[in-house]
Amino acid sequence: MAHTRILNTPSDLHSQDLAGTHKRAETVSVAPASNTLSTYDREGYVILRGLLSDEVRQAAERALRDLLGPTGRNNFEGFSTQRAYALLAKTRALDPLIAHPQILGLLKARLHAQPLLSACLAINIGPGETPQMAHADDGFYPDMRPDARHGLSVIWAFDPFTRENGATRAWPGSHLWPAHREPAETDVWRPAVMEPGDALVFHGGLWHAGGENATQDGRLALTAQYCAPWLRTQETMSLAVPPDIVRTLDAPLPSLLGYQIHPPFMGHVNGMHPNRLLD
Ligand SMILES: O=C(O)CCC(=O)C(=O)O
């Protein structure tokens, strides 16, 4: 039966899902502690320690090592660094990390309750790798204001992250810098020193870089980058992960992959909620 809705004001329009409601499974998120939020707000990043059980961490690590590709094609990917993309089409071992309740809680508190997964890739910085170019993940969008709600990124450690082996470098407070400021020689970075199973969570405006690896061993990480639901994702997730796979995923993974409506109708397919394609 067709539904008739009366829309009188722009806020009526923006608050309603005009592509039709669709059953939405509950997802579990954990509200961040106040000191986690204050560190994130002040520094632009926070490290969450020991979030994974041994079983989940080991399964994720095995999957990542199996999937690692060739070394990079440019000095941003890193000529001595292996990467792998489209991971959610290739393994289920990362699902608990991508939709980790603590990460969902931070996303809800600081980005959006219904974000998109913009990119999800493995990064294994190999011996001899040089420092990556400093960048901010929001820099991919034309409008990188300090107060913009564009993105939030996570880097999960699978090796100990040290200053020597390429721990991510972060410029504290740089998420608050004006739009065109870039790190100068005099701006001090800090290495995100972590143990396997720790997660570095940072604001999309934070200047950061993969570090130099002066050791003989790799430094394996998974990075998951999330963006607001009105932005284009770096990886086109709805093409990277086929519907037959998405159909098997638990909430909120389909929503993170683009099977969602941002009211009133961003993301519709033929006028309907994209989840109808999964029914
Ligand atoms: O590997 C890292 O520590 C950071 C990599 C990164 O920021 C990127 O490639 O976008």
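Values in this document were obtained by computation on a predicted structure and should not be read as measured data. Hydrogens, waters and symmetry mates play no part in the numbers below; they use all other heavy atoms, side chains included. As the structure lists them, so they are numbered: ligands from 1, and atoms in each ligand from 1.
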* Structure fact -> atom 2 (C) of ligand 1: of H135, R83, R219, the nearest heavy atom sits on R219

* **Minimum non-hydrogen distance to atom 8 (C) of ligand 1, winning option of Q132, E77, E129, M133** => Q132

* Asked: ligand 1 versus I123, non-hydrogen atoms closer than 4.0 Å: side chain, backbone, both, neither?
  -> side chain

* Rounded to the nearest 0.5 Å, what's the gap from CG on D137 to CH2 on W207? Could you check? => 10.5 Å

* Heavy-atom closest pair, residues A228 and R149 -> CB-O, 3.4 Å

* Between CE on residue M133 and CD on residue E182, distance to nearest 0.5 Å -> 10.0 Å

* Tell me: protein heavy atom nearest atom 3 (O) of ligand 1, and distance? -> T168 OG1, 2.6 Å

* Contact with ligand 1 for F76, non-hydrogen, under 4.0 angstrom -> yes

* Q82 side chain to N124 side chain, donor-acceptor N/O pair below 3.5 angstrom -> yes

* To do: Check I155 against ligand 1 and report side chain, backbone, both or neither, counting heavy atoms closer than 4.0 Å.
  => side chain

* For ligand 1, which atoms have a heavy atom of H208 less than 4.0 angstrom away? -> 7 (O)

* Does one side chain, of T215 or E164, offer a donor that lies under 3.5 Å from an acceptor on the other? -> no

* Asked: Does a donor on one side chain and an acceptor on the other come within less than 3.5 Å for H135 and H208?
  -> yes

